[in-house]
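Read through the structure below, which is laid out as structure tokens, and then see the notes.
Please read these numbers as outputs of a predicted model, since none were measured by experiment. Within every chain, numbering begins at 1; the chains are lettered A, B, ... in the order of the sequence lines, protein sequences first and strands thereafter.
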2 protein chains.
Amino acid sequence: MSWRKEHGRAERGYHHGNLKEALLQAALGLIAEKGAAGFTFADAARMAGVSAAAPYRHFRDRDELLSSIAQRGFEQFEARLSAAWDDGRPDTVTAFERVGKAYLAFAREEPAFYNAMFESGVPVDANAALQAASERAFNIIRAAAERLAALTPPGTPRPPAMMMALHIWSMAHGVASLFSRGDAARRKLPMSPDELLEAEVLIYLRGLGFPIDRRPATKGAEPPPVPPEASSGSGVPPGGPWGKPK
Amino acid sequence: MSWRKEHGRAERGYHHGNLKEALLQAALGLIAEKGAAGFTFADAARMAGVSAAAPYRHFRDRDELLSSIAQRGFEQFEARLSAAWDDGRPDTVTAFERVGKAYLAFAREEPAFYNAMFESGVPVDANAALQAASERAFNIIRAAAERLAALTPPGTPRPPAMMMALHIWSMAHGVASLFSRGDAARRKLPMSPDELLEAEVLIYLRGLGFPIDRRPATKGAEPPPVPPEASSGSGVPPGGPWGKPK
DNA sequence: CAGCTCATGTGAACGACCTTTACATGAGCC
DNA sequence: GGCTCATGTAAAGGTCGTTCACATGAGCTG
């Protein structure tokens with residue numbers, strides 16, 4: 001990471017050369033440590049080695065920095081969800097499950113982004129670009145829901161894809177913010193957040209009429225152990241998506 | 001509301017007489033207005049008509065005030081959930097749905113409490129009393145899940161009640177924080193948060209094997225239009241818990 | 001290369017906040 | 001009446017966010 005023409009050390013003169021980026025990175029680190037609320041503009045400046053006033057050349061104020069981070073977060077979020085969805089391969093339900101996992105993974109692995117995106121108090125409509133990025137991310141979930149909705153077994157009414165998408169989003173966000181992050185993760189649970197969400201989504205999908213067999217936490221994303229798509233089983237197989245019923 | 005011996009005006013001398021309570025009220029108002037992040041200790045003091053140092057006689061610091069509010073919030077939350085659950089009357093599913101509605105209603109009607117409880121960054125385990133209050137509130141949901149789990153139709157495996165409770169909580173919290181409050185409420189939705197959550201829970205319950213018929217938003221909580229409990233219908237009735245399928 | 005210009009960084013200053021400390025007040029009790 | 005201690009105040013130190021006048025020097029123009 002060279003942030004100056006001369007690559008190596010922090011030999012910087014009057015001008016930083018890459019302050020905007022440095023501030024974003026510093027802020028990211030600080031938010032990860034202390035949360036968006038605890039993050040301070042002055043600290044970011046200090047960390048970048050500039051005076052407290054310098055950041056104002058690149059961001060109107062502290063909120064704009066925050067919303068920049070949120071926007072970047074949504075962009076990376078979209079990328080990860082998109083990769084997880086992988087256009088529905090190898091089969092729609094498996095890919096859908098993978099999106100749920102990716103959601104939690106992002107919340108866990110990128111706490112600073114997630115915090116800025118959903119917990120910092122930055123209004124989504126603060127910025128047109130931010131809102132657009134947010135919508136693009138949601139559209140991945142929505143597209144997945146669309147495909148899934150199209151697969152409803154014959155004889156079953158087709159749920160509105162938008163509603164499904166909102167449902168899935170709320171489940172993922174609920175699990176992430178209640179059980180998968182920071183202080184909240186300290187709550188004692190009978191199962192991991194990932195398992196919790198997976199079971200939740202599977203039960204939900206079954207409620208929509210999808211033939212779901214028990215298969216929690218089949219790790220790896222390669223070959224599905226069961227034939228994809230049209231494995232129309234009975235409505236309620238013995239043993240749910242949760243572990244083993246006692 | 002007399003906050004002094006002499007009931008009437010704000011004729012207060014050197015001592016306030018009820019400062020702790022006055023500060024809590026003031027803080028509640030301020031948080032409702034500007035969020036827990038924007039709320040300031042000094043403002044609360046001003047609003048109570050005392051110097052900025054006075055609050056320190058009643059709260060170790062700003063965070064302690066915040067966590068006091070969160071604790072109170074959990075207590076009221078518990079009361080409302082408990083009232084909504086009404087020990088499962090008139091039937092378990094109806095009462096369960098009512099709990100979901102009560103969750104959203106609380107989030108909407110008591111934004112300051114909800115904010116302090118879930119969005120202020122106050123760690124749940126900051127305080128033993130806070131944690132206890134939080135657990136008592138969750139136990140309402142848990143108890144309801146317990147009763148519901150016991151009702152799983154014959155031939156269907158019984159889901160762990162704890163898991164159900166966590167699922168329901170995550171749905172309610174997800175919908176509340178994404179769609180039902182503050183800035184988030186500005187997202188354009190095809191249906192109200194209440195309807196969204198109701199449909200979500202119903203689909204979920206159906207996924208668990210409960211015979212759920214379509215019946216969104218039957219308002220009032222008195223006589224159920226269908227015979228309660230053991231109306232074991234077919235697994236997937238035509239027309240889901242959402243509106244009319246096109 | 002001289003000179004200009006403008007983006008970028010600095011230092012100082014203001015007001016607000018959080019918190020601590022030494023001191024003031026007066027309510028309740030002997 | 002006088003003591004005591006919970007409760008309030010004023011003042012001060014440290015941090016922030018933000019603004020403003022001013023400094024620097026990178027890059028263009030000729």
Consider the side chain of B:His58, meaning its heavy atoms from C-beta on, and name the nucleotide among C:dC17, C:dT8, D:dG8 that approaches it most closely. D:dG8

C:dC18 OP1/OP2 closer than 4.0 Å to side-chain N/O of B:Thr40: yes

Going by the angle between their ring planes, with limits at 30° and 60°, are A:Phe118 and A:Tyr114 parallel, tilted or perpendicular? tilted

For D:dC16, does either OP1 or OP2 sit under 4.0 Å from a side-chain N or O belonging to A:Arg46? yes

Starting from the 5' end of DNA chain D, give me the residue, A:Arg57 or A:Phe41, whose nearest nucleotide shows up first. A:Phe41

Between A:Leu30 and A:Thr40, is there a side-chain heavy-atom distance shorter than 4.5 Å? no

Atom pair distance, as rounded to whole Å: CD in A:Glu64 and P in D:dT18: 11 Å

Under 4.0 angstrom, heavy atoms only, what part of the nucleic acid is B:Ala53 near: base, sugar-phosphate, or nothing? base

Assign the ring pair B:Trp85 / B:Phe96 to parallel, tilted or perpendicular, where the plane angle (0 to 90°) is split at 30° and 60°. perpendicular

Within the 4.0 Å heavy-atom criterion, would you say B:Ala54 contacts the bases, only the backbone, or no part of the nucleic acid? base

Earlier contact from the 5' end, DNA chain D, for A:Tyr56 and B:Lys20: B:Lys20

Describe, in one word, how the ring planes of B:Phe106 and B:Phe77 are oriented to each other, choosing from parallel (under 30°), tilted (30 to 60°) and perpendicular (over 60°). tilted

Would you mind telling me which of C:dG9, C:dT19, C:dC17 lies closest to the side-chain atoms of B:Ala42? C:dC17

